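All of these numbers come straight from a predicted model, not from anything done at the bench. Keep in mind that the numbers below use all heavy atoms, side chains included, and drop hydrogens, waters and symmetry copies.
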Amino acid sequence: IGQSAFENCAALTQIVIPDADSIGAGAFQGCSSVTLAEINCLNIGDRALAGCSALERAAFGGKTLTLGKELFAGCTSLTEVTYENENTALSEGAFLDCISLQTPPLPAGISAIPPHLFAGCTALRDSGISSQILHIGDGAYEGCSALTQAHISNNTETLGQGVFADCSGLLEYTLPADAVRIPARFFSGCTGLQSASIPEGIQSVEEGAFENCTGLLQANIPYGIQSLGDRAFSGCTALQKITLPASLQSIGENAFQSCSAVQYLDIPKSVTFIGDGAFAGMEKLQSLGLFASAQVTGGMFAGCSALADIRTSGYDSLYSVVDGVLFSADGETLILYPGGLGNQNYTVPARVKKIEAGAFRGAGLKSMRTASTPLIGLYAFADCTALQSVTLGEGLTELGYGAFSGCTALEKVQLPHTLTAIDSKVFAGCTSLARLTLPVEITRITADSFEKTTTLCVEENAPILETLERLELPFTVVQKKS
């Protein structure tokens with residue numbers, strides 16, 4: 001039977017094929033009135049029965065060896081499939097979006113669950129993973145929201161990515177005892193999970209493995225874990241306690257982003273790498289034990305608005321804490337001004353040579369002053385919505401991208417004569433900054449350095465005048481100071 005031979009034959013009600021060698025791809029696709037299919041055929045092509053929305057039962061004879069990809073995709077009434085040949089091979093996505101399937105119709109001899117086999121089967125209540133299953137493909141049960149348990153035998157050798165992603169009803173699971181990793185997105189979006197039980201042999205929790213598991217209350221991360229991938233536990237908004245083991249070496253980008261219920265966190269000395277935004281959005285984090293040997297930036301803790309206490313290991317630490325503010329050990333780099341400090345005013349110490357990216361982001365300060373700091377990193381003071389006054393001391397030579405962006409209450413800024421350029425977005429969103437005096441040494445700005453509501457005050461014959469005219473930025477000329 002050729003490819004698409006009976007496609008969209010809406011009047012067809014039954015398919016009975018007692019003996020055939022092949023059925024082409026899409027041969028009966030979209031036959032929306034078919035309720036029964038009895039087929040004895042050696043090879044059945046991809047999507048041959050896809051979209052047969054009334055199909056309830058399918059039976060395959062002893063001759064049948066292979067069923068094509070997405071064979072029953074969108075067969076929304078399908079509840080039963082039987083096989084005379086126990087070695088019939090299933091292909092990727094064979095039962096995709098078969099929303100009436102409650103039990104998994106697997107041939108008796110099957111040893112591997114193909115990728116996306118039951119993806120979108122929202123009524124499926126049993127995984128069918130027995131001790132003879134050796135391999136489970138990517139996304140095999142993705143979106144099976146009625147699945148409550150997932151017990152994987154110790155015999156299973158390989159696990160794909162996203163196998164149980166978005167199984168929102170999943171309450172418990174068992175992983176093979178000798179597993180060494182939890183693959184990417186494996187349990188992402190499993191909002192019913194309350195505990196992340198990780199076997200002791202696991203060495204890595206990969207990218208997004210438990211992402212957006214919003215019901216997760218605890219994550220038991222055992223000794224032996226060496227790496228947590230990007231977004232491993234991101235969006236676990238109910239997670240209250242995180243204990244990181246002394247074996248941990250790497251924490252990926254946004255690994256715990258928006259874990260907004262966590263109040264206390266210790267990062268062990270064994271950690272040598274922390275990705276950007278790893279702990280961003282921990283709104284209730286109050287106390288941080290920073291014992292890691294990794295380089296830390298303010299962006300890793302962006303949005304930690306309650307953080308008021310940072311502890312380090314002391315004499316052998318890469319960091320120091322002065323008046324609650326985190327610095328490099330030599331005090332020359334200001335790394336993080338915790339969002340929970342109650343100060344309204346802050347003066348950056350004179351020895352500071354660099355303010356790290358995002359160091360003050362979202363802080364509640366009303367005024368800020370630097371002495372002679374040469375470098376202010378990108379987004380260093382971004383979204384400080386209470387900040388009204390800024391005095392930048394002589395010695396500053398570089399203002400990073402978006403340094404004061406989003407400081408909506410900022411009214412007064414004093415720039416030093418050592419500054420020669422104002423780069424992109426530095427004062428973007430500073431809607432209260434009505435006037436800004438540019439030192440005559442400023443020779444370069446961009447069209448989006450400021451809001452259009454900011455009038456720039458420049459001296460007559462200043463080199464920047466031509467640029468202001470070309471960029472059509474609002475400015476006024478003031479008399480040169482004597």
- Message: Do Asp276 and Thr297 have side chains that approach each other closer than 4.5 Å (heavy atoms only, starting at C-beta)?
- Response: yes
- Do Ile422 and Leu415 come within less than 4.5 Å of each other through their side chains, counting heavy atoms only? yes
- Query: Are Glu207 and Arg231 within salt-bridge range, i.e. N to O under 4.0 Å?
  - Reply: yes
- Query: Do you know the tightest heavy-atom contact between Gly229 and Ala255?
  - Reply: O-CB, 3.8 Å
- Query: Taking Ser424 for the side chain and Ser449 for the main chain, is one N or O donor matched with an acceptor at less than 3.5 Å?
  - Reply: no
- Say you draw a straight line from OG1 of Thr122 to CG of Asp166; how long is it, rounded to the nearest 0.5 Å? 12.5 Å
- Query: Hey, what do you get for CG (Leu473) to CG (Leu468), rounding to the nearest 0.5 Å?
  - Reply: 6.0 Å
- Message: Testing the basics here: between Gly324 and Ile310, what is the closest heavy-atom pair and its distance to 0.1 Å?
- Response: O-CD1, 4.4 Å
- Heavy-atom side-chain contact between Asn343 and Tyr337 under 4.5 Å: yes
- Query: Taking side chain as C-beta onward, heavy atoms only, is Pro349 less than 4.5 Å from Phe327?
  - Reply: yes
- Note on the structure: residues 464-475 vs side chain to side chain donor-acceptor pair (under 3.5 Å), sequence neighbours excluded, gives none
- Determine whether Met368 and Leu387 make a side-chain contact, defined as any pair of heavy atoms from C-beta on separated by less than 4.5 Å. yes
- Note on the structure: What one should report as the nearest heavy-atom pair of Glu253 and Asp230 is N-OD1, 2.8 Å
- Query: Can Ser188 and Asn212 be said to form a side-chain hydrogen bond (donor to acceptor under 3.5 Å, both in side chains), step by step?
  - Reply: CA-CA 6 Å; Ser188 68; Asn212 294 328; over 6 Å; no
Would you give me the side-chain donor-acceptor pairs under 3.5 Å for residues 402-412, sequence neighbours excluded?
residue : atom : partner : partner atom : Å
Ser405  : OG   : Gly402  : O            : 2.9

- Message: Between Glu142 and Arg185, does any side-chain N to carboxylate O distance fall below 4.0 Å?
- Response: yes
- Message: Pairing donors with acceptors under 3.5 angstrom, does anything connect the side chains of Asn345 and Ser367?
- Response: yes
- Val325 to Pro338 - nearest heavy-atom pair and separation: CA-CD, 4.1 Å
- Query: Does Ile225 offer a backbone N or O that forms a donor-acceptor pair with the side chain of Ser247 under 3.5 Å?
  - Reply: yes
- Message: Can you tell me how far apart CG (Leu228) and CD1 (Ile242) are? Round to the nearest 0.5 Å.
- Response: 9.5 Å
- Message: Please give me the minimum heavy-atom distance between Asp448 and Ala428, naming the atom from each residue.
- Response: O-CB, 4.4 Å
- Could you tell me whether Arg444 and Asp423 make a salt bridge, using a distance below 4.0 angstrom between a side-chain N and a carboxylate O? yes
- Item | Test side-chain contact (heavy atoms from CB on, under 4.5 Å) applied to Thr476 and Leu456, step by step | CA-CA 6 Å; Thr476 184; Leu456 304 174; over 6 Å; no
- Message: Are Phe164 and Tyr173 an aromatic pair, judged by ring center distance below 6.0 Å?
- Response: no
- When rounded to the nearest 0.5 angstrom, what is the spacing between CZ in Phe475 and CZ in Phe450? 13.0 Å
- Item | Side-chain donor or acceptor of Ser227 paired with backbone N/O of Ser204 under 3.5 Å | no
- For Lys284 and Ser260 the tightest heavy-atom approach is CG-O, 3.2 Å
- Task: Decide yes or no on side-chain contact (heavy atoms from CB on, under 4.5 Å) for Ile376 and Leu396, but give the supporting numbers first.
- Result: CA-CA 8 Å; Ile376 295 178; Leu396 178 67; 3.8 Å; yes
- Query: Any side-chain heavy atom of Leu399 sitting closer than 4.5 Å to one from Leu419?
  - Reply: yes
- Task: Verify, without hydrogens or angle tests, whether Thr272 (side chain) and Ala294 (backbone) share a donor-acceptor contact under 3.5 angstrom.
- Result: no
- Would Asn254 and Ser234 count as having a side-chain donor-acceptor pair, cut-off 3.5 Å? no
- Is Arg311 salt-bridged to Asp266, cutoff N-O under 4.0 Å? yes
- Side chain to side chain, Ile221 and Thr243, heavy atoms closer than 4.5 Å: no
- Query: With a 4.5 Å limit on heavy-atom distance, are the side chains of Gln257 and Phe279 in contact?
  - Reply: no
- Interatomic distance, CD1@Ile136 vs OG@Ser127, rounded to 0.5 Å, equals 7.5 Å
- Would Leu239 and Leu217 count as a side-chain contact (heavy atoms from CB on, under 4.5 Å) if you check the C-alpha gap in whole Å, the side-chain angles of each, and the deciding distance to 0.1 Å? CA-CA 4 Å; Leu239 190 61; Leu217 298 175; 5.9 Å; no
- Message: Between Tyr379 (side chain only) and Phe360 (backbone N and O only), is there a donor and an acceptor less than 3.5 Å apart?
- Response: no
- Intermediate values then yes/no, side-chain contact (heavy atoms from CB on, under 4.5 Å), Gln218 and Asn220: CA-CA 6 Å; Gln218 57 181 343; Asn220 301 315; 3.9 Å; yes
- Between Ser100 and Thr76, is there a donor-acceptor pair closer than 3.5 Å when you use the side chain of the first and the backbone of the second? yes
- Query: Would you say the side-chain atoms of Asp383 pair up with the backbone N or O of Arg361, donor to acceptor, closer than 3.5 Å?
  - Reply: no
- Task: Please answer whether the main-chain N or O of Cys457 pairs with a side-chain N or O of Thr437 as donor and acceptor at a distance below 3.5 Å.
- Result: no
- Message: Tell me whether Glu332 is salt-bridged to Arg351, with the criterion being a basic N under 4.0 Å from an acidic carboxylate O.
- Response: no
- Message: As an exercise, state the distance from CG of Leu365 to OG of Ser389, rounded to the nearest 0.5 Å.
- Response: 11.5 Å
- Message: Using modelled atom types and a 3.5 Å cut-off, is there a donor and acceptor pairing between side-chain atoms of Asp46 and backbone atoms of Lys69?
- Response: yes
- Message: Tell me whether Thr373 contacts the main-chain N or O of Leu375 through its side chain, where contact means a donor paired with an acceptor under 3.5 Å.
- Response: no
